[in-house]
Amino acid sequence: MANVTEVTSCANCGRLLEVQQGRGRQRRYCGPTCRSAARRHRAGPVKTGLTHVVRKDTLDNVTRRGDPLAEVAQARARAQRADEALRTAVDSARSAGHTWQEIGDVLGTSRQAAFQRFGRPLDPRTGIPMAQAILPGAADRALALLAEIQANNWARARRGFSRDLAGKLDDAALAAAWARVVGLVGAYEHTGEPLVRQLGDFTVVDVPLSFEAGELVGRISFDADGRISGLLFLNPEVAQ
């Protein structure tokens, strides 16, 4: 006589099964759906595919990691957004009656430095906000100048000099000035965020510079024609 084995319920959903008669493989599931579900459960968690958004973010991240220049551009855009947010916050603080001293204390700088960065003084000769006279791209040009100096490219650094400054500071004099800086504070390490402001007819850019043994500020001045009319390396206390 053939063996008869009863499986009283489905091993997946628990539904009662009919009694199996005769020979054949023992039934454990009520149908293909429960059989597939049990197989997936035995195989462990199912790895789902990436959604369109996740795939895009993943590809974007790979692209960013693979393109350092793109990372630089994105970091700069984030810095610009942060600066705009900071300016808006300072304007709100001023509108609420807070002094430049209070704002400077929060920013960790002097009231004059806070005013020079975020203030909106009017030119007494014209009544026009001085910020409107700031030379476009001055910060980038100042950074490029300092990069050429740091790389000992004296002739390229002097390309944007005004006639008067070029006459006073030739290649040899510029090299000697940089040598004195290095002799004072050691090797150059990195550059900070430029501060741009309008002082009379000149656009002035202060760039924090870090060296192995100290900190300095590179001050680059541009005249009304966009030529570099001044170049100084100052102690941070003097620059404020």
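This is a predicted model, so every value here is computed, not measured.
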*Check whether Val182 and Leu146 end up in the same hydrophobic cluster, where Ile, Leu, Val, Met, Phe, Trp and Tyr are linked by side-chain heavy atoms less than 4.5 Å apart.*
yes
*asked:* Let's go through Asp91 and Arg87 carefully: what are the C-alpha distance in whole Å and the side-chain angles of both, what is the deciding distance for salt bridge (Lys or Arg N to Asp or Glu O under 4.0 Å) to 0.1 Å, and is it a yes or a no?
replied: CA-CA 6 Å; Asp91 287 344; Arg87 289 182 179 277; over 6 Å; no
_Would you say that Arg227 contacts Phe161 through its side chain, given a criterion of any heavy-atom pair below 4.5 Å between the two side chains?_
no
*Starting at CZ of Arg159, measure out to CG of Leu145 and round the result to the nearest 0.5 Å.*
12.0 Å
*Could you point out which residue of Phe211, Trp178, Tyr188 forms a ring pair (Phe, Tyr, Trp, His ring centres under 6.0 Å) with Phe233?*
Trp178
*asked:* With clusters defined by side-chain heavy atoms of hydrophobic residues (ILVMFWY) lying less than 4.5 Å apart, directly or transitively, does Leu184 cluster with Val207?
replied: yes
*Output the distance between atom OG (Ser110) and atom CD1 (Ile103), rounded to the nearest 0.5 Å.*
12.5 Å
_Using side-chain heavy atoms (C-beta onward) and a distance below 4.5 Å, is Val204 in contact with Arg219?_
yes
*asked:* Assess the residue pair Ile220 and Arg141 against the criterion (side-chain contact (heavy atoms from CB on, under 4.5 Å)); give the C-alpha distance rounded to whole Å, side-chain angles, the decisive distance to 0.1 Å, and a yes or no.
replied: CA-CA 9 Å; Ile220 297 92; Arg141 289 185 58 189; over 6 Å; no
*Report the C-alpha separation of Leu231 and Leu174 in whole Å, then their side-chain angles, then the decisive distance to 0.1 Å, and conclude whether the side-chain contact (heavy atoms from CB on, under 4.5 Å) test is met.*
CA-CA 10 Å; Leu231 172 62; Leu174 182 56; 3.8 Å; yes
*Taking NZ, NE, NH1 and NH2 as the nitrogens, is one of them in Asp201 or Arg125 under 4.0 Å from a carboxylate oxygen of the other?*
yes
*What's the spacing between Gln198 CD and Thr203 OG1 if we round to 0.5 Å?*
3.5 Å
*Can we call the ring centroids of Trp100 and Phe118 under 6.0 Å apart?*
no
*Measure the CG-OG1 distance between Leu195 and Thr109 for me, rounded to the nearest 0.5 Å.*
8.5 Å
*Is there side-chain contact between Phe202 and Ser229, with at least one heavy-atom pair below 4.5 Å?*
yes
*Output the distance between atom CD (Glu148) and atom CG (Asn153), rounded to the nearest 0.5 Å.*
4.5 Å
*Closest approach of Arg158 and Ala166, non-hydrogen atoms and distance?*
NH2-O, 3.1 Å
*Taking every non-hydrogen atom, the tightest pair across Asp170 and Ala173*: OD1-N, 2.8 Å
*Are Val217 and Leu209 close enough that some pair of their side-chain heavy atoms sits under 4.5 Å apart?*
no
*Are Ile134 and Phe115 in one and the same hydrophobic cluster, where Ile, Leu, Val, Met, Phe, Trp and Tyr link if side-chain heavy atoms are under 4.5 Å apart?*
no
*Measure from the side-chain N and O atoms of Glu212 to the backbone N and O of Ala187, and report whether any donor-acceptor pair falls under 3.5 Å.*
yes
_Heavy-atom pair with the smallest gap, counting every atom of Val205 and Pro194_ = CG1-CB, 3.9 Å
*asked:* If I compare all heavy atoms of Leu107 with all of Ala114, which pair ends up nearest, and what's the gap?
replied: CD1-CB, 4.4 Å
*Could you verify whether a donor N or O on one side chain and an acceptor N or O on the other, from Ser210 and Glu189, lie under 3.5 Å apart?*
no
*Minimum heavy-atom distance Asp223-Asp225, with the two atoms named*: OD1-N, 2.9 Å
*With the side chain counted from C-beta on, respond yes when Leu234 and Leu216 share a heavy-atom pair under 4.5 Å apart, and no when they do not.*
no
*Distance-minimising heavy-atom pair for Arg94 and Thr99*: NH1-CA, 3.8 Å
*How many angstroms lie between CZ in Arg111 and CG in Asp105, if you round to the nearest 0.5 Å?*
10.5 Å
